[in-house]
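Notes follow once the structure below has been shown.
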Amino acid sequence: LSYCQIIHIVSFCRGSVWGCSPRNFYTGERNYSHNSSSEFYSSLGLEGFSVADTSGTVEEDTDSAILYGTLRGSIVGLRYYKGVVNNNEMVALQREPNNPYDKNAVKVNNVNGDQVGHIKKELAAALAGIMDNKLAVVEGVVPYGAKNVFTMPVQMSFWGREENKEAVLDQLKMHGFKLAPPLKGKSCTFWISGKTGPTYSAPVHAAVHLTTEQLKSEFDKLFEDLKEDDKTCEMEGAEAVGTLLLPHQKQALAWMVSRENSDNLPPFWEERNNFYYNILTNFAVKERPKNVLGGILADDMGLGKTLTTIALILTNFQDGKPLPVEKITTSTFIQSVEKKYSEDGPRTTLIICPLSVLSNWIDQFEQHTSQDFHLNIYIYYGSDRNKDPAILSEQDVVLTTYNVLATDYGIRDDSPLHKIKWLRIVLDEAHTIRNPNAQQTKAVLSLEAHRRWVLTGTPIQNSVKDLWSLISFLKLKPFTDREWWHRTIQRPVTMGTPGGLRRLQSLIKSITLRRTKISKVKGKPILELPERKVLIQHVTLAEEERQIYQSVKKEGKVAINRFFNEGTVLAHYADILGVLLRLRQLCCHPHLCTNTSSSFSVGSNTPEELRQMLVNKMKLVLSSGSDEECAVCLESLTLPVITHCAHVFCKPCIYEVIRSEQPNASCPLCRSELRVEHLVECSLEEELNSSNGKKGGQEWISSSKINALMHALIELRKENPTIKCLVVSQFTTFLSLIENALKKSGFVFTRLDGSMAQKKRVEAIQCFQSSQAGSPTVMLLSLKAGGVGLNLTAASRVFLMDPAWNPAAEDQCFDRCHRLGQKYNVIITKFIVKDSVEENMLKIQNKKRELAAGAFATKKPSASEIKQTKINEIKALIDL
DNA sequence: ACCGCCGGGTGCC
DNA sequence: ACCGCCGGGTGCC
C-alpha cells in the first residue's frame, strides 16, 4: 500500500466515526442500527463515549420540508371517543394499520393524545400510502365544528421534501383528491384564534429559510438580555453549604429555588374562564397544567454550575427547607438521620453525568458540604453497583453516568433507577443526550422525578433540534411529543416564520438561566480572570546530554529515512514514536529512557516476533505517560488500545471502526486485519504505578532542564516565598527525578498524578490549595491528571517541563489554575531544549493552533492535505 | 317490477 | 344525523 492510499483510509474512517460520512450510512433500519450500536458499546463497557449522532434522516426530512398544499376532510366517529377539541385546535393524524375494520385507518388525536375520531375511510385510503411511505407529513387543524356530535371538518396540511411532491399529488389524485395551493386568504382564516388576538402565523411556504450561520447568531441573541427581575434576586446558601457563593451563584440559587417551589403556569398556558388554554395549540383542559419544577441552567463553563447545584440540593433539601444539621458522632446518628426526612415522598436526588466529570462531582460535594452536615451519597457505578431500589431511594444523592443508566435500561426490568420516583434529577452536560434516538436519551426520558434540572454550557449546539430532548426531559406539555414541538416551535423557527424565534425565546426565557463569562452582575463583569502569560524558556543541553541525544537522533534518523525509502513508515509506526519519545525524554533527563531499547525491529526475527516487538514498543511509549494522538479522532488518546499491527487508537474510535466495517474490518493506518480479540488494552494507571518505583541503586543526577527549573524556582522563592507553582510533565518518572532536586533545595511539595487513589488525590489537592504557612509551594502534576474540574487556583505559576503533541491538552492543564478563584496573574513557563525535537514540536503545535482557529472559516483538509501534513510532521520532527 | 318510489332503520374505522 | 345509505315493501291514473 502506498502512503497515499493509507491516508485516504484514515480520512474515511474518521468521517464515519463522527457521522460525517454520506447520509445513507445509517438509513433504513434506523432503530436496529441504534440499538445494536449502543448495546455494542455498553457490552464493551465503554463509558463517556456517545454514539455518533445519526439523527440525520427523519429530522432532516422535516427540516427541509415544504408545504405541498392543503385539503379539507372530515373526522368521523366522534361519539365513540372521549377526546375533545376546540375550534382552531391542532390535531394529530396517526396511522392505525392494525385496525380490524380497515387497514388504511387513520386515527385523529387531540394535543393531549386522546383520540377524537377517525379520518373518513375514502380519505384514509388516500392518506395511508402517503403516510406509510413517509412521502409527506400530514397535519390537521379543526377549523370549526369542534362541538359536533358525529363528524367534524379537518383542514389538513401536507408537508414533505420537494422530490416527493409529485408522488403525493398523484396518490391523492388516484383517490379523487386534489390539494388546494398553500397560502392565499382561505388557509389563513382558520389560523386566527379567538378574542385574545392572533397568536398564529399562517402555515405558509418557507418565505425565508435562514442559513445555519444566521440561525446561529439568532440563537445567541436568544440568550442575551435574560436579565429579568426574577433572575437577579440573590439568595444565600444554607448553612450546609460550606463555600461562600459568588453574587452570580447566589442569583442562580435564588432562581433555582424559586423554580422548584413555584406553581406558576408553564409557558404558553393561560387561564380562561375556568379552563387552561395552550395558546400555541389551542388545546384546553380543566386541570391546571403543572409547570416543570426545574429548568435549564446554561451558564458558561467555569461559572460554577456544579457548586450552585450542590447549593440547591443543600438549601432546598425537602419541603422547601434546607438539609438539617447532623453531627456525625455517636450512636444517635442513625436515629437523627431517620428523623431528618418527612415520612412520605421521595427524598433522593439523582445526578447523571458523563464519566469524565463523575469524580468532579464527588470532589465538589466533599469540598462544599460543611463539616457538621452529612449527605448520603451513593456512586451508582461499576460492576458491583447495588441494584436494590430500596437502598438507592434511602440516599440523599445518587450519582451515576449516562452509560450506566443506558446499560441498565437496555436490560429489561433490571434498571433500579427506573423503578424509583426521584425527588430531583440533574442532568449534567446534558447536551450529550441531544440525539433523540440514542439509547441514552430514551433511558433518561423515561425516568420519573418531581423536579428536573438540566445543566449545560452549550444548550444549542447546532440547531433548535438539539433542544427537544432537553425540553422533553423537562416534561413541558405539549412539547414532550415531538410533533407539537416541531409544529409550534421548530418549524416556525427554521422556516423563519414571523414570531417563531420570539416564541422560542419566550420559552427559553421562562425556563433557562444563562450567563456567559462576559455577563455582568450589578454592572461588574461576572468573572474577572487575571492575565495569563506564556513564556518560552530555552534550555541548552550540557555536553554529555547533547552527545547522547545526537547519537540517538542519528541512529533514529537513519532508520526513519530507511522506512521512508522502503515505504514502510506506517508499518514502523511504533518504532518512529519510540524514537521521538526517546528524543523527547533525553531533552528532560538522560535517565528517562534507559529502560527503552533503541534497537529496531529488523533482522532475523519471524513476523510474529516482529509484531510482538512492535506491540511491546507501543506499550512502552504509552506507559511512559506520553500524550499520544489517535489517528482516528486526532485528539489525545482516551482509553488507548494497541492493534495486532502495533498501531494505537482510542478504544471507542477503533471499536466504532470495527463495528461499522463488520464483518471484515481493517486497521485505519495499515489495512491489516482488525479483530476485537487481538486488541491490547493499555491500562496506563497500572503501568504508571510500576514505573513509579524508585530507580534502585541508580545514583541521582540532575539535568539541564531540571537545573533550569530549579534556578527559576529558587529565584521565585527569593522574590516571594508564598507563590505556589505547578510543575507539569507527561512523564511521571521525570516528576520523580524532580522530587530529588526539590528535596535537596528544601522545597515543600506535593504531587498529583493519574496513578493515585481518589483519597490521596483529594488530600494532595487540599494540602496544596491551603494557604497555611508551611503548606506546599510546589505541586508536581502529570499533564493529564484530573478531570476538567480540577481546581488548583492556589498556583499562579506553571512550569511546563515538556511540550505535548496536542496544544489543547496543555491549555486544559493551564486552566486548572487560570480559572475562577485565581487572584494573581498567571505566568506559564515552557521549557524547550534548543535545537531539539521539542522546538520542532512547538512549530507543529502552532500550526495546529492556526488550523483550529481557522477551522470555522475554512474547509476541512482533504485526504491529500492530511497526508502531506503527516509526512511533513514526521520529517520536520526528525529534521529530514 | 331484472325497475322507481316510499319511509323506517340506522350510523367510524 | 334537520343528513346519506341500506334494504324491505310496494306498485296506473
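A, B, ... follow the sequence lines: proteins, then strands. Residue 1 opens every chain. In this text the structure is predicted, and so the values were computed from the model without any measurement.
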Checklist entry - Looking only at side-chain N and O atoms, does A:Lys121 come under 4.0 Å of OP1 or OP2 in B:dC12? => result no
Next on the checklist: What I want to check is whether an N or O donor and acceptor connect the side chain of A:Tyr101 with the base of B:dC12 at under 3.5 Å.
Outcome noted: no
Item to check | Pairwise C1' distance for C:dC13 and B:dC2, with rounding to whole Å | outcome: 25 Å
Checklist entry - Using atom P of each nucleotide, how far apart are B:dC3 and B:dG8 to the nearest Å? => result 25 Å
Checklist entry - Rounded to whole angstrom units, what separation is found between the CG atom of A:Asn98 and the C1' atom of B:dC12? => result 17 Å
Next on the checklist: Please confirm whether the shortest side-chain N or O distance from A:Arg79 to OP1 or OP2 of B:dG11 is below 4.0 Å.
Outcome noted: no
Checklist entry - Which nucleotide, in any strand shown, forms a Watson-Crick or G-U wobble pair with B:dG9, with both distances under 3.5 Å? => result C:dC5
Checklist entry - In whole angstrom, what separates A:Leu78's CG from C:dC3's C1'? => result 15 Å
Checklist entry - Do A:Trp255 and A:Trp453 have ring centroids that are under 6.0 Å from one another? => result yes
Item to check | Rounded interatomic separation in angstrom, taking CD from A:Glu122 and C1' from B:dC13 | outcome: 11 Å
Checklist entry - What's the CD1-C1' distance between A:Ile119 and B:dC13, to the nearest Å? => result 11 Å
Checklist outcome for this item: Taken to the nearest whole Å, CZ/A:Phe150 to C1'/B:dT10 is 11 Å
Item to check | C1' gap between B:dC6 and B:dA1, integer Å | outcome: 15 Å
Checklist entry - Within the structure shown, what part of the strands sits under 4.0 Å from A:Lys107 by heavy-atom distance: base, sugar-phosphate, or nothing? => result nothing
Checklist entry - Looking for any heavy atom pair under 4.0 Å, which part of the strands does A:Ile75 touch: base, sugar-phosphate only, or nothing? => result nothing
Checklist entry - Hey, which of A:Tyr81, A:Tyr101, A:Tyr80 is the one that makes ring pair (Phe, Tyr, Trp, His ring centres under 6.0 Å) with A:His118? => result A:Tyr81
Checklist entry - What integer number of Å spans the C1' atoms of C:dC5 and B:dT10? => result 9 Å
Checklist entry - Side chains of A:Asp408 and A:Tyr380: is there a donor and an acceptor less than 3.5 Å apart? => result yes
Checklist entry - In chain order, what residues pass the side chain to side chain donor-acceptor pair (under 3.5 Å) check against A:Asn133, with sequence neighbours excluded? => result none
Item to check | Whole-Å gap separating P (B:dC12) and CG (A:Asn99) | outcome: 12 Å
Next on the checklist: Rounded to whole Å, how long is the line connecting atom NZ of A:Lys120 with atom P of C:dC3?
Outcome noted: 16 Å
Checklist entry - Between atom CD in A:Gln94 and atom P in B:dC13, what is the gap in whole Å? => result 17 Å
Checklist entry - Is it true that a side-chain atom of A:Thr348 and a backbone atom of A:Ser393 form a donor plus acceptor pair closer than 3.5 Å? => result yes
